[in-house]
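To find a chain, count down the sequence lines: A is the first, B the second, and so on, and within it residues start at 1. Predicted model only: the values in this text are computed from it and were never measured.
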Amino acid sequence: MKGGIDFHTHPVLVREMVERYPDLAKAARDTFHCGNNFQPLEVMLAEMDIAGIDKAVVLPIDATTSRNATVYTNEQIVELCSLSDRLIGFASVDPHQNSAPATLETAINMLGLHGLKLAPAMQEFFPDDRMAYPVYECAQALGIPILFHAGLSWEPGSRLKYGHPLRFEDVAADFPKLNIVLAHLAWPWVVDAVALALKYPNVHLDVSALYFDNPRDFLRYAMTQQVPLTVFERSLRRQVLFGSDNPRIEIKSMARAVRSLGFSDECLELIFRINAERLLGERS
Amino acid sequence: MIIQLHRIEVISRKDMEMIDITPEVDRLVEQSRVAQGMVFVMTAHTTSGIVVTEGVECLERDIPAHLERLAPKDPPEGSYGYYHNRLLDFDGRLGYNAADHLKSVIGGINTFFPIELGKVVRGGRQRVYFVEYDGPLARTVFIQIIGAEAA
């Protein structure tokens, strides 16, 4: 199986953008907490080639209220995507701000972005806080998916309490036509995240999880021991998405690990390509 | 006495890759005006290396393959693991490149050659390679040239 979409990348190390916007370096180091060297975009594209990945979703985070910072603005994401047709831009908004729905509408309808990224732990809000409901209503009306950070957060200052899967249940139940993706398998709460996905067909999981050992051994633990692989293969085959969390881990490494788990070729095709295409295509 | 430090960028496009940087070393030495002296080549990174060997495609395959056997990225399941595979808070990510650090240690990170009559003195089959163990990445190689100008 070759070809596919990486549904979860953070372009914080792209050198061309850091050279244009020096504040992005500060955002990468101080807000996103990534210490690796800045790299030309061609390195990311070469890694996608090695991984057999055609396109990657690139994510911003609007943490204006909580961190007084953005990790890419929506406009910067648009500019980044103009550098390669292999990048799919998402928007981010600050749910604390009353203007968030209007900002989202502009990002989708005027800027041409394809989905919404929210990071409750970094943005400091509980997903089921009614404060955020206008944003969800807007996303549902626009027909775009929301990719939520879920589970453990690397960044110092980000609290785990904002990422528990059960705090997403009201969102899934109250917005049944809104596709939501819980990132990182919501690790360590994989069982809870799977329960949510089993109950709510609009809940999806991305596999961009690596918190110890190596991608192969970690995913084997999370996706064959914490929850049997057969559950993902048989019950959630249309709700699992490939994501790497690049640059926290290499795209090539996560792709190899997912392919080593024992999924059928048909299921890998769903995980790597078809499920992502469906979520991204709902709008059109 | 002339002392020059150059930084060149090398972009790898594979997981592991040997990239011949001999022409760049030669060019910098010839431009340096050093007649008698020494050129020192060192990678700036701990998951890459500098290797001197014969410039043939078969060795460009064999050397990374042998280092991978000595320090496999993923050790055989159930055998052993690496302590480095843990959250590195200063990098904001998990260290999944212990094996690449080990390859760098085994293969070495630097080399040097004499300079005579303004040219690098090498054995007839020796080439200077930057070796990538954790690519693709944009990398920096230091090239320092030290010596005396022609009288």
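Note on B:Glu9, B:Arg86, B:His45: by heavy-atom pairs under 4.5 Å with chain A, the leading option is B:Glu9. Options A:Leu45, A:Asp217, A:Asp245, A:Leu210 differ in how many heavy-atom pairs under 4.5 Å they form with chain B, and the most are formed by A:Leu210. Contact tally against chain B (heavy-atom pairs below 4.5 Å) for A:Trp154, A:Tyr211, A:Phe38: the top residue is A:Trp154.
Between the CG atom in A:Asn214 and the CG atom in B:Asn97 there is a gap of 12.0 Å [rounded to 0.5 Å]. Note that CZ of A:Arg216 is 7.5 Å distant from OH of B:Tyr96, once rounded to the nearest 0.5 Å. For the atom pair CG (B:Leu87) and CZ (A:Phe212), the distance works out to 12.0 Å, reported to the nearest 0.5 Å. Atoms CG and CG, from A:Asp213 and B:Asn85 in turn, are 6.5 Å apart once rounded to the nearest 0.5 Å. Annotation: the span from B:Lys14 atom NZ to A:Asp49 atom CG amounts to 12.5 Å, rounded to 0.5 Å. The CG atom of B:Asp15 sits 7.5 Å away from the OG atom of A:Ser253 when rounded to the nearest 0.5 Å.
Counting heavy atoms from C-beta outward, A:Glu250 and B:Arg93 have side chains that approach closer than 4.5 Å. Here the side chains of B:Leu137 and A:Gln39 are in contact, with some heavy-atom distance below 4.5 Å.
Other residues, nucleotides and ligands place no more than 12 heavy atoms under 6.0 Å from the CZ atom of B:Arg61. Heavy atoms from other residues, nucleotides or ligands lying under 6.0 Å from OH of B:Tyr83 number 12 at most. Heavy atoms of other residues, nucleotides or ligands lying less than 6.0 angstrom from NZ of B:Lys73 number more than 12.
A:Arg29 does not touch chain B: none of its heavy atoms, backbone or side chain, sits under 4.5 Å away. With a 4.5 angstrom heavy-atom cutoff, A:Asn37 touches chain B only via side-chain atoms. Interface remark: A:Pro247 contributes backbone atoms only to the contact with chain B (heavy atom separation under 4.5 Å). Proximity to chain B (any heavy atom under 4.5 Å) is shown, for A:Phe218, by neither the backbone nor the side chain. Residue contact with chain A, scored on non-hydrogen atoms closer than 4.5 Å, involves the backbone and the side chain of B:Asp134 alike. When heavy atoms are compared at a cutoff of 4.5 Å, B:His84 does not approach chain A at all. For a residue to count as touching a neighbouring chain, one of its non-hydrogen atoms must lie under 4.5 Å from one of that chain's; by this rule A:Glu155 does not touch chain B. Proximity to chain A (any heavy atom under 4.5 Å) is shown, for B:Glu77, by both the backbone and the side chain.
Residues B:Ile11 and A:Pro40 approach most closely at CD1-CG, 4.1 Å, considering heavy atoms.
Side-chain N or O atoms of A:Glu47 include none that pairs as donor or acceptor with a backbone N or O of B:Pro136 at under 3.5 Å.
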